[in-house]
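Structure, as structure tokens:
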Number of protein chains: 2
Amino acid sequence: MRPLTGKWKIEIMWSLAQGTHRFGELRRALPGITQHMLTVQLRELEADGLVKRTAYEEMPPRVEYDITEAARGLQPVFQTLIAWSKQHGPISRRHTVDRE
Amino acid sequence: MRPLTGKWKIEIMWSLAQGTHRFGELRRALPGITQHMLTVQLRELEADGLVKRTAYEEMPPRVEYDITEAARGLQPVFQTLIAWSKQHGPISRRHTVDRE
DNA sequence: CCGGATCCTTTTTGATACTG
DNA sequence: CAGTATCAAAAAGGATCCGG
């Protein structure tokens with residue numbers, strides 16, 4: 001099992017759980033993420049059936065992201081994890097990077 | 001935020017959520033994990049305050065692992081994720097390795 | 001039985017530049 | 001605006017051998 005692996009997936013899903021977002025909106029909602037990473041993670045989430053991508057072929061381009069029905073069942077997970085991390089601080093993955 | 005990152009952490013926590021386990025028991029409960037990885041992940045979980053380790057200096061050695069009080073609040077997360085993955089299949093991290 | 005220490009491979013992440 | 005292409009660095013994962 002490998003749920004929601006990736007440095008930003010929880011936060012992405014949490015953002016999307018609160019409503020449709022455009023690419024640029026997500027980028028602003030996740031300070032520190034690069035376009036590259038946002039693209040990669042969204043693509044993976046899409047492939048995993050957690051995110052739905054809707055592209056409008058207009059000028060200027062517009063792309064919207066939503067969570068899928070399947071992912072609705074995970075919504076409490078996102079909520080709990082976000083809330084938990086606010087209380088206990090971030091967990092794991094070199095949480096103490098102590099640059100040096 | 002980086003919750004429960006690691007290939008085995010969810011499953012480890014899920015196992016421990018169901019009761020105290022010894023090292024060897026966990027190993028058997030997680031087919032495919034190496035002792036090395038189990039050690040590493042347990043150490044990280046311990047450092048993150050999600051797991052409590054109790055070593056008995058006996059012969060033969062015995063070590064028990066439990067989830068901490070702080071981690072109790074995450075128990076529904078483990079449950080939901082495990083249940084979800086049983087329905088929808090594993091998520092992410094090269095789930096389609098399609099070896100040639 | 002429960003690890004630690006090494007060494008090596010694979011995956012992930014990130015910086016930067018470029019495009020319809 | 002919403003990406004793609006490259007390249008490089010870092011982190012995670014795993015095999016194997018050693019020790020109390």
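Throughout, protein chains are lettered first and strands after them, A, B, ... in sequence-line order, and every chain is numbered starting at 1.
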**OP:** Using a 4.5 Å cut-off on heavy atoms from C-beta on, say whether the side chain of A/L50 contacts that of A/E44.
**Re:** no
d([atom1], [X]; [atom2], [N]) in whole Å:
X     : N      : atom1 : atom2 : value
B/I12 : D/dG13 : CD1   : P     : 10 Å
A/R43 : C/dT13 : CZ    : C1'   : 17 Å
A/Y56 : D/dA2  : OH    : P     : 12 Å
B/E57 : C/dC2  : CD    : P     : 12 Å
B/L45 : D/dA12 : CG    : C1'   : 14 Å
A/K9  : C/dT11 : NZ    : P     : 14 Å

**OP:** Return the angle between end axes of the helix from C/dC1-D/dG20 to C/dG20-D/dC1, with five pairs used per end and rounding to 10°.
**Re:** 60°
Original post:
Would you find a donor on one side and an acceptor on the other, under 3.5 Å apart, between the side chain of A/T68 and the backbone of A/G49?
Top reply: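 Yes.
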Subject >> Within residues 17-28 of chain A: residues closer than 4.0 Å to DNA chain D (heavy atoms) >> reply: A/R22, A/F23, A/G24
**OP:** Select base, sugar-phosphate, or nothing to describe what B/Q41 touches, counting heavy atoms under 4.0 Å on all strands.
**Re:**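 Result for B/Q41 = sugar-phosphate.
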Original post:
Within the structure shown, what part of the strands sits under 4.0 Å from A/T39 by heavy-atom distance: base, sugar-phosphate, or nothing?
Top reply: base
**OP:** Write down the atom of A/T80, the atom of B/G73, and the distance for their closest heavy-atom approach.
**Re:**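 Nearest pair, atom of A/T80 first, then B/G73: CG2-O, 3.7 Å.
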Subject >> Point-to-point distance, once rounded to the nearest 0.5 Å, from OG1 of B/T5 to NZ of A/K9 >> reply: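 Result: 10.5 Å between the selected atoms.
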**OP:** Please state whether the phosphate of D/dG3, meaning OP1 or OP2, lies under 4.0 angstrom from any side-chain nitrogen or oxygen of A/R53.
**Re:**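 Answer is yes, contact under 4.0 Å.
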**OP:** Taking only the side-chain nitrogens and oxygens of A/Y65, find out if one of them lies under 4.0 Å from OP1 or OP2 of D/dC1.
**Re:**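 For D/dC1, OP1/OP2 do not have a side-chain N/O of A/Y65 under 4.0 Å.
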Subject >> Listed partners of B/T20 passing side-chain hydrogen bond (donor to acceptor under 3.5 Å, both in side chains), at least two apart >> reply: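 Only B/D66 meet the side-chain hydrogen bond (donor to acceptor under 3.5 Å, both in side chains) criterion with B/T20.
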Original post:
Under the side-chain hydrogen bond (donor to acceptor under 3.5 Å, both in side chains) test, which residues partner A/R72, sequence neighbours left out?
Top reply: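 Here the qualifying residues are A/Q75.
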**OP:** Output every pair passing side-chain hydrogen bond (donor to acceptor under 3.5 Å, both in side chains) with a member in residues 25-37 of chain B, not counting sequence neighbours, ordered by first then second residue.
**Re:** none
Sequence neighbours excluded, which residues qualify as side-chain contact (heavy atoms from CB on, under 4.5 Å) partners of [X]?
X     : value
B/E58 : B/Y56, B/R62
A/Q79 : A/W14
A/R43 : A/T39, A/E46, A/R53, A/Y65

Subject >> Sequence-aligned protein contact record of nucleotides 14-20 of chain C, with B where the base is within under 4.0 Å of a protein heavy atom and S where only the sugar-phosphate is >> reply: BB----B
Subject >> Residue list, ring pair (Phe, Tyr, Trp, His ring centres under 6.0 Å) with B/H88, at least two apart or on another chain >> reply: B/W84
